[in-house]
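This report refers to the structure that appears directly beneath it.
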Amino acid sequence: MADNRAIGVIDSGVGGLTVVKELKEQLAGESIIYFGDNANVPYGNKREEEIAQLTKNMIDFLIDKDVKVIAVACNTISSLLDKYFTDYDIPIVSIIKPAADYVVENGIKEVGVIATKFTVQSGAYDRFIREGDESIRVISEGSPNLAQIIDSGNFTEVRGVIDLHMTNILSKGDLKHIILGCTHYPIVLDKFKERSPSINFINPAYEQVRYINQLLEARNMKAQLDKSTFQIYTTGKEETYHKMLNLLSIDLPDNIIELSCQTI
Ligand code: DGL
């Protein structure tokens with residue numbers, strides 16, 4: 001049996017488009033409804049309760065739109081899933097757990113994680129990776145501003161900020177693998193590679209979508225559509241999405257709908 005309902009995707013802003021890119025590559029027949037809360041970006045500097053409330057608003061919005069699964073295309077939110085979001089009937093899929101499994105399954109013994117301050121302080125990557133193999137060394141670096149700089153669409157400062165974080169993390173270990181633990185960061189993957197060409201930068205979006213594919217297959221929930229649809233809802237501005245979609249070579253959606261700012 002097919003399930004033609006859309007896949008819901010949530011993020012604090014445009015970072016989740018890196019997950020949309022993977023959905024369009026790995027699950028091309030599926031419809032997508034995206035929610036980007038750009039008015040409240042960055043989540044990574046907020047209090048836990050505030051992030052949980054903003055996230056609940058997004059999840060409830062997408063459940064009202066009758067999505068079949070929600071991809072949490074945000075590491076910061078994913079670090080809170082176990083604590084706040086276990087009571088829903090529909091699957092809510094973390095981006096952290098599949099990336100942690102990738103590290104364990106590929107026998108990586110030492111891995112870096114660059115993420116928001118909140119994600120790093122939550123210790124979620126360390127926890128999920130060590131649950132798989134407690135001998136793996138995880139070296140983390142938190143950024144207070146990189147996600148917001150990328151979300152603003154003004155990339156002039158990006159190189160300098162990446163250089164600072166790469167210098168910091170490489171001073172803590174001779175790393176070969178680094179997880180880009182914030183979905184905004186793969187938007188500027190070329191700049192990370194330019195700074196450190198020999199490092200394997202891991203994009204968790206790939207592993208998350210691979211996991212969603214397996215989940216839909218196991219539950220007989222894949223769509224069979226002549227034409228899939230793609231809609232974006234944002235508390236920010238439509239132009240920001242045009243710019244980012246273009247940068248990521250993602251086709252324009254059927255529509256982009258600006259919502260008034262979420263209230264907490
Ligand atoms: N893109 C998000 C993440 O993966 C959140 C960035 C932010 O809002 O601070 O963590």
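Ligands are counted one by one from 1 in listed order, and the atoms in each one are counted from 1 as well. Because only heavy atoms are used, hydrogens play no part in the values below, and waters and symmetry mates are left out as well, while side chains stay in. Note that the coordinates shown come from a computational prediction; the quantities given were computed from them, not determined experimentally.
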Exercise. Is there a donor-acceptor contact under 3.5 Å linking the side chains of Asn203 and Tyr185?
Worked result: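 No, Tyr185 and Asn203 have no side-chain donor paired with an acceptor closer than 3.5 Å.
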Problem set entry | Closest heavy-atom pair and its distance - Pro204, Ile179 |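 Heavy atoms only, the tightest pair is CG-CG2, 3.7 Å.
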For this session: Locate the shortest heavy-atom distance separating Leu62 from Ile33; write the atom from each residue and the value.
Result: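 Of all heavy-atom pairs spanning Leu62 and Ile33, the closest is CD2-CG2, 3.6 Å.
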Going by the order shown, which atoms of ligand 1 are within less than 4.0 Å of some heavy atom of [X]?
X: Thr116; answer: 6 (C), 9 (O), 10 (O)
X: Thr76; answer: 3 (C), 5 (C), 10 (O)
X: Val41; answer: 8 (O)

Problem set entry | Check: Thr183 N/O within less than 3.5 Å of ligand 1 N/O |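 By distance alone, the answer is yes.
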Exercise. So is there a nitrogen or oxygen of Asp11 less than 3.5 Å from a nitrogen or oxygen in ligand 1?
Worked result: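 By distance alone, the answer is yes.
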Exercise. Got a donor-acceptor contact below 3.5 angstrom from the Asp163 side chain to the Arg159 backbone?
Worked result: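 Between the backbone of Arg159 and the side chain of Asp163 there is no qualifying donor-acceptor contact (under 3.5 Å).
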Who's the nearest protein heavy-atom neighbour of [atom], and how far?
atom: atom 5 (C) of ligand 1; result: Ser12 OG, 3.4 Å
atom: atom 3 (C) of ligand 1; result: Asn75 N, 3.3 Å
atom: atom 7 (C) of ligand 1; result: Tyr43 N, 3.3 Å
atom: atom 9 (O) of ligand 1; result: Gly44 N, 2.8 Å

For this session: Anything under 30° is parallel, anything over 60° is perpendicular, the rest tilted; go ahead and classify Tyr233 against Phe61.
Result: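 Rings of Tyr233 and Phe61: perpendicular, as their planes differ by over 60°.
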Problem set entry | Positive for side-chain contact (heavy atoms from CB on, under 4.5 Å) with Ile95, one of Cys182, Ser78, Cys74 |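 Answer to the side-chain contact (heavy atoms from CB on, under 4.5 Å) test with Ile95 among Cys182, Ser78, Cys74: Ser78.
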Problem set entry | Proximity of Ala147 to ligand 1 by residue part, where a heavy atom lies under 4.0 Å |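 The answer is the side chain of Ala147.
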Problem set entry | Given Lys222, Lys68, Lys24, the one that forms salt bridge (Lys or Arg N to Asp or Glu O under 4.0 Å) with Glu30 |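 With Glu30 as partner, Lys222, Lys68, Lys24 yield a single salt bridge (Lys or Arg N to Asp or Glu O under 4.0 Å), made by Lys68.
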